[in-house]
Asks: 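I have a structure here, written as structure tokens, and I will follow up with some questions on it.
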Amino acid sequence: MSNKHDQKAKNTDPKPMPEDVEIADVAENEPDNISAEEMNGVMSETESLKQLLNDTQEQLEKEKKEYLFLMAEFDNFRKRTLREKSEIIKNGAEGAMKGLLPIIDDFERGLQAINGSSDVEAVKEGMELIYNKFIKYLEQNGVKEIPTQDQPFDTDRHEAIAMVPTDDPDKKGKVIDTIAKGYTLNDKVIRHAKVAVAQ
């Protein structure tokens, strides 16, 4: 009887199914396999990231050196430019002044000639020569006289210091007298002409 009971107990124990065995085998084996693969992958990725970090740091250092070099070059350029600009401002009139020296020489010779001469016409002629030479020099350097006589009054070029009544309608608003000549330098007004304007 006990044999029958044991037989029944044996019959009632569940037998492992082939599917259950395969799942158990996979469940036992898979974590170890994935773990090893994952470890290899993580190590490989870490090495790759370290290499990328090193490359990036090297590139950053290189660019930093280039930036500092460019900043130093720019600073040198800025200082040199300021120095050259200062020299130009300081000595910019040198050429113009050198051109005036022969005219001063002529004036000095003219003054000496006046002291020993009683010929007024000769003195006058000498002064006119020096004056014409001076005007020619100014024109060669871009300085020109502003035309005024019978010109329409222009506030950009003329400065009215007197208004003169006139009965002639053609002269109204025009310059009838020049008190002081005006000049331009390369078409820029450097001195307005002082004029009397008819009204």
Asks: Is it true that D55 and Q51 share a donor-acceptor pair across their side chains at a distance under 3.5 Å?
Replies: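 Result is yes, a qualifying pair exists.
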
Asks: Where do V175 and F153 come nearest, in terms of heavy atoms and distance?
Replies: CG2-CA, 4.5 Å

Asks: Please round to the nearest 0.5 Å and tell me the distance separating atom CD1 of I176 and atom CD of Q149.
Replies: 8.5 Å

Asks: Taking all heavy atoms of T166 and all of A198, pick out the closest pair and write down the distance.
Replies: CG2-CB, 3.6 Å

Asks: If you group Ile, Leu, Val, Met, Phe, Trp and Tyr by side-chain heavy-atom gaps below 4.5 Å, do F74 and L82 land in one group?
Replies: no

Asks: Looking at NZ of K136 and CG of N132, how far apart are the two atoms once the value is rounded to the nearest 0.5 Å?
Replies: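 Nearest 0.5 Å value for the NZ-CG distance: 10.0 Å.
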
Asks: Going from CG on D106 to CE on M127, what distance comes out if it is rounded to the nearest 0.5 angstrom?
Replies: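 So the CG of D106 and the CE of M127 are separated by 10.5 Å.
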
Asks: Are L100 and L129 connected in a single hydrophobic cluster, I mean Ile/Leu/Val/Met/Phe/Trp/Tyr linked by side-chain heavy atoms less than 4.5 Å apart?
Replies: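 Shared cluster, no.
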
Asks: Can you find a pair of side-chain heavy atoms, one from L52 and one from T56, that are under 4.5 Å apart?
Replies: yes

Asks: Donor-acceptor pair, distance only, cut-off 3.5 Å: does the side chain of D75 make one with the backbone of M71?
Replies: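 Checking the backbone N and O of M71 against the side chain of D75, no donor-acceptor pair under 3.5 Å is found.
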
Asks: Look at the side chain of H192 and the backbone N and O of D156, then say whether any donor-acceptor pair between them is shorter than 3.5 Å.
Replies: yes

Asks: Considering non-hydrogen atoms only, spot the tightest contact between L185 and N141 and give its length.
Replies: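 Result for this residue pair: CD1-O, 3.4 Å.
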
Asks: Roughly how far, to the nearest 0.5 Å, is CG of D154 from OG1 of T148?
Replies: 12.0 Å

Asks: Atom CD in Q57, atom CG in L60: separation rounded to 0.5 Å?
Replies: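 The CD atom of Q57 sits 8.0 Å away from the CG atom of L60.
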
Asks: Report the residues that fulfil side chain to side chain donor-acceptor pair (under 3.5 Å) with D167, sequence neighbours left out, ordered by chain and then residue number.
Replies: none

Asks: Of E66, K65, E58, which is the lone residue that meets side-chain contact (heavy atoms from CB on, under 4.5 Å) with K62?
Replies: E66

Asks: Would a hydrophobic clustering, with Ile, Leu, Val, Met, Phe, Trp and Tyr connected at side-chain separations under 4.5 Å, put V195 with Y183?
Replies: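 Hydrophobic grouping puts V195 apart from Y183.
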
Asks: Treating S48 as the side-chain partner and S44 as the backbone partner, does any N or O pair qualify as donor plus acceptor under 3.5 Å?
Replies: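 No, S48 side chain to S44 backbone: no donor-acceptor pair under 3.5 Å.
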
Asks: Regarding D105 and R109, does a basic nitrogen lie under 4.0 Å from an acidic carboxylate oxygen?
Replies: no

Asks: Do M97 and L138 sit in one hydrophobic cluster, given that two such residues count as connected whenever their side-chain heavy atoms are within less than 4.5 Å of each other, even indirectly?
Replies: yes

Asks: Would you say that I130 contacts F134 through its side chain, given a criterion of any heavy-atom pair below 4.5 Å between the two side chains?
Replies: no

Asks: Return the minimal non-hydrogen interatomic distance between P147 and R157, and the atom names on each side.
Replies: CD-NH2, 3.8 Å

Asks: Compare every heavy atom of R191 with every heavy atom of I146, then report the nearest pair and how far apart it is.
Replies: CD1-O, 3.6 Å

Asks: Do you know which two heavy atoms are closest between G99 and P102, and how far apart they sit?
Replies: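 Residues G99 and P102, closest heavy atoms: O-CD, 3.3 Å.
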
Asks: Just checking, is any N or O donor in the side chain of E63 or Q59 under 3.5 Å from an acceptor N or O on the other one?
Replies: yes

Asks: Do V189 and V197 land in one hydrophobic cluster if side-chain heavy atoms of ILVMFWY residues count as linked below 4.5 Å?
Replies: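 They do not share one cluster, since no chain of ILVMFWY contacts under 4.5 Å joins V189 to V197.
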
Asks: One pair to check against side-chain contact (heavy atoms from CB on, under 4.5 Å): K171 and D150. What are the steps and the verdict?
Replies: CA-CA 7 Å; K171 288 191 180 275; D150 295 327; 3.8 Å; yes

Asks: Is the number of heavy atoms from other residues, nucleotides or ligands within 6.0 Å of CG (D187) greater than 12?
Replies: no

Asks: What's the separation between atom OG in S86 and atom CG in N91, rounded to the nearest 0.5 Å?
Replies: 8.5 Å

